[in-house]
Amino acid sequence: MKPFFLMLFLLLTDADCFFDIKEIISDKMTKLPKDFNVAIKDIAESLPSKEMTVVRGNSTNIRSQDVFELLRLLCQHNIQVVNLDIAAMENKEMYYGYLKKALDVSDERTNLILCEPYECENLLLELRENNLIHRTILYIFFWPYGSVSDRFLNSMVEAMRVAVITNPRESVFRIYYNQATPNRLNHLSLVNWWAFRLYKSPLLPSADKVYKNFRGRVFDVPVLHAPPWHFVKYNNDSSINVTGGRDDKLLKLIANKLNFRYRYYDPPDRSQGSGIIGNGTFKGTLGLIWKRQADFFLGDVTMTWERLQAVEFSFLTLADSGAFLTHAPAKLSETLAIIRPFRWEVWPLVCATLFITGPALWIVIAAPSLWQRKKRDQMGLLNNCCWFTVTLFLRQSSTKEPSSNHKARLVTVLISLGATYVIGDMYSANLTSLLARPAKEPPIGTLPALEEAMREHGYELVVESHSSSLSILENGTGVYGRLAKLMKRQRVQRVHNVEAGVRLVLNRRRVAVLGGRETLYYDTERFGSHNFHLSEKLYTRYSAIAFQIGSPYLETINNVVMTLFEAGILGKMTTDEYKNLPEQSRRSEPVTESENLSTEKTGETAAVTQGGAIQNETSKGLEPVSLTMLRGAFCLLGIGHLLAGVTLLIEIQLYRRARKRALPPQTRNPTNTFMAKAKKCILRGWRRIKAAAILAIDRALAPDRGID
């Protein structure tokens, strides 16, 4: 009786230990268990995808009739079946291509793999190496005997959906699943079983329910210093301290909601990563996610097509735009401020008006005398008219009118009104405004303007290494492609992060940095917004959390992020980072922008005065008029004096020449001229001799200073 009870006890406690000895010692699967076809039919019907691929490998030697019965039963229940024997290498490559196509179009695939355990292990490794992993692809392995090996378990990754069917006893099948628990990796949990029918439906638990609570799981999260998203302090012992940031707060909220913990660590390459390069590698933090060495990463990660080939992104955490930052426009020379009230197109017309009004007034006055053929000094009249109109334009008082007739007076009144109230007052008003608010250089606010500055004025453009901005320049066309070519002439093209680029712009005037507009705006507020100029919006960019391809908890975190975004909490968290700036930074002037966006960021970017009140736009940048601003007027006055002196000298020379020409011929005899010069030289010599003699007599008669 003891052997009987012992056998009964073993059957009840561990039924997995009884297998056909022929199946164990054989290296090929020769038959299917009893009721296996019916169980697979029920399993297929309980899955969302009504399509199944039956895969047989080298270790499968099942009768064609048994395989046909399985396929026929599935087809009868409206389940599309793909039968594939991967014993040949060509068929295996075809199978892998079939799975890659499913990844491209995001079709759901269910794969039933019938192999011996050792081939299941090898096949799982090959699927992992080829990165045929996604949440839409389910691999169902039939494990004919024994427990699942450690090699098989260690080959699994969390993003890979793996189910294992075992047959502990006749007409009973157990279904194990690797994504049944959120905190146990490389583990298969019993989720269902079949004994003439499934215990429950659906077959597998949904990811939303499983990853609703991570049960205290600990994630290792890479982090980069990128204000205002993360503030990272790097220590000498290779450790880091995250002191704050918008995305740090976001991760805390998600962790509290989903019950998990995290540890920050410093990635080997302190950059995000732009995409898979030609040799099949991916640098940066996103490269770690692509290699499945990191679970996720957040910190102003921009979604690009190149990055989507290697990682997946969550719902957007920031709607931003691209921009570039340059040094604030310098003040123009105050010496030339006197000519800036009018544009260069206006000054020729003003000068033409000044030259025309004098002759026009002369024509009005001299016309009657020309018709009547009266004798009059026309050149003198023209001279008087020209000087009279000049005095009117210069607002000088003049009592001498060229003529006293009514026509001349009417024209004089019109010229006076035009010169005083149109040209003069407009010039004075503009000049006063320019002196109170000094003019600056034209800002660089567009990509064509930046390209021209790089070609003509020696500007340089820098970008963050392995960033989305770098990808746009490298893969872009048009103006982006031309900018990338111009950057190749530079000695410095890339910087470690955007903050380093902003510091470079602060120290050097002819440098621009390309990046996210929100990041650039925050850095300008940190380092003094009056030192920078922000360009217009170049393109739209969205930031999100980066995950491994096929991450099972992507949808769960998406639900949390969408809730925060719709409630406005993400926007509020971003706004709070501006409030955490030092008081000195928040009191600086708003950064100059190519687009007037001050109304959109009233609470974030308004400058605060010493008393705490918000400054008005009209009161910013006003300066009292000083002598420095009036250098142009003094320079003009000096030029006027110089011209007056030159004119005086010319008039003197002309007068002398005219006087000489007016003398009689006899007075201009060369002999008389020679005698006059000789007489002058004799008199000059006599004066010198006389002075020398007097000086000698004085010295001789002077008392001796050495005797008291």
**Student:** Given D104 and K100, is the salt bridge (charged side-chain N to carboxylate O under 4.0 Å, His left out) satisfied, shown in steps?
**Tutor:** CA-CA 6 Å; D104 295 336; K100 289 180 181 178; over 6 Å; no
**Student:** Nearest heavy-atom pair of R246 and M573: which atoms, and what distance?
**Tutor:** O-CE, 3.4 Å
**Student:** Please report the closest heavy-atom contact between L514 and S469, naming both atoms and the distance.
**Tutor:** O-OG, 3.9 Å
**Student:** Please find the pair of heavy atoms, one from Y522 and one from P227, that lie closest to each other, and give the distance.
**Tutor:** CE2-CB, 4.0 Å
**Student:** Relative to the ring of Y480, is the ring of Y539 parallel (under 30°), tilted (30 to 60°) or perpendicular (over 60°)?
**Tutor:** perpendicular
**Student:** Taking only Lys NZ, Arg NE, NH1 and NH2, and the carboxylate oxygens of Asp or Glu, determine whether R517 and D320 approach each other closer than 4.0 Å.
**Tutor:** no
**Student:** Count the heavy atoms of every other residue, nucleotide or ligand shown that sit under 6.0 Å from OH of Y542, and state whether that count exceeds 12.
**Tutor:** no
**Student:** Say you draw a straight line from CG of L224 to CG of L298; how long is it, rounded to the nearest 0.5 Å?
**Tutor:** 10.5 Å
**Student:** Mind checking the CD-OG1 spacing from E452 to T446? Nearest 0.5 Å is all I need.
**Tutor:** 9.0 Å
**Student:** More than 12 heavy atoms of other residues, nucleotides or ligands under 6.0 Å from CZ of F565: yes or no?
**Tutor:** no
**Student:** According to the interplanar angle, ranging from 0 to 90°, do the rings of Y211 and F214 count as parallel (below 30°), tilted (30 to 60°) or perpendicular (above 60°)?
**Tutor:** tilted
**Student:** Checking ring-ring contact (aromatic ring centres under 6.0 Å, His included) against F219, which of F547, F297, Y262, F296 comes through?
**Tutor:** F296
**Student:** Salt bridge between R526 and D523, side-chain N to carboxylate O under 4.0 Å?
**Tutor:** yes
**Student:** Taking atom CZ of F313 and atom CG of L554, what is their separation to the nearest 0.5 Å?
**Tutor:** 11.0 Å
**Student:** Given R135, which partner from the list E312, E108, E158 fulfils the salt bridge (Lys or Arg N to Asp or Glu O under 4.0 Å) test?
**Tutor:** E312
**Student:** Apply side chain to side chain contact (heavy atoms under 4.5 Å, CB included) to R503 and V495, showing your working.
**Tutor:** CA-CA 10 Å; R503 292 181 182 273; V495 290; over 6 Å; no
**Student:** For K249, is there an ion pair with E577 - N to carboxylate O distance below 4.0 angstrom?
**Tutor:** yes
**Student:** If you apply the rule side chain to side chain contact (heavy atoms under 4.5 Å, CB included), what do you find for I444 with F324, and how did you get there?
**Tutor:** CA-CA 9 Å; I444 303 174; F324 64 85; 3.9 Å; yes
**Student:** What residues, two or more places apart in sequence or in another chain, satisfy side chain to side chain donor-acceptor pair (under 3.5 Å) together with Q548?
**Tutor:** R292
**Student:** Any side-chain to backbone donor/acceptor pair from T317 onto S543? Under 3.5 Å, distance only.
**Tutor:** yes
**Student:** Are the charged groups of K572 and D576 less than 4.0 angstrom apart, N to O?
**Tutor:** yes
**Student:** For T136 and S106, work out which heavy atoms get closest and say how close.
**Tutor:** CG2-O, 4.4 Å
**Student:** Salt bridge check: are K212 and D208 linked by an N-O gap of less than 4.0 Å?
**Tutor:** no
**Student:** Please find the pair of heavy atoms, one from T285 and one from P267, that lie closest to each other, and give the distance.
**Tutor:** OG1-CG, 3.7 Å
**Student:** Where do K537 and S321 come nearest, in terms of heavy atoms and distance?
**Tutor:** CG-OG, 3.5 Å
**Student:** If we ignore hydrogens and angles and just use 3.5 Å, is the side chain of H225 paired with the main-chain N or O of V232 as donor and acceptor?
**Tutor:** yes
**Student:** Is it true that, when you exclude D237 itself, more than 12 heavy atoms of the residues, nucleotides or ligands shown sit nearer than 6.0 Å to its CG?
**Tutor:** yes
**Student:** As a quick check of understanding, evaluate side chain to side chain contact (heavy atoms under 4.5 Å, CB included) for V505 and F527, giving each step before the final call.
**Tutor:** CA-CA 11 Å; V505 173; F527 299 113; over 6 Å; no
**Student:** Would you please test K485 and M454 for side chain to side chain contact (heavy atoms under 4.5 Å, CB included) and show each step?
**Tutor:** CA-CA 11 Å; K485 291 181 180 179; M454 293 178 67; over 6 Å; no
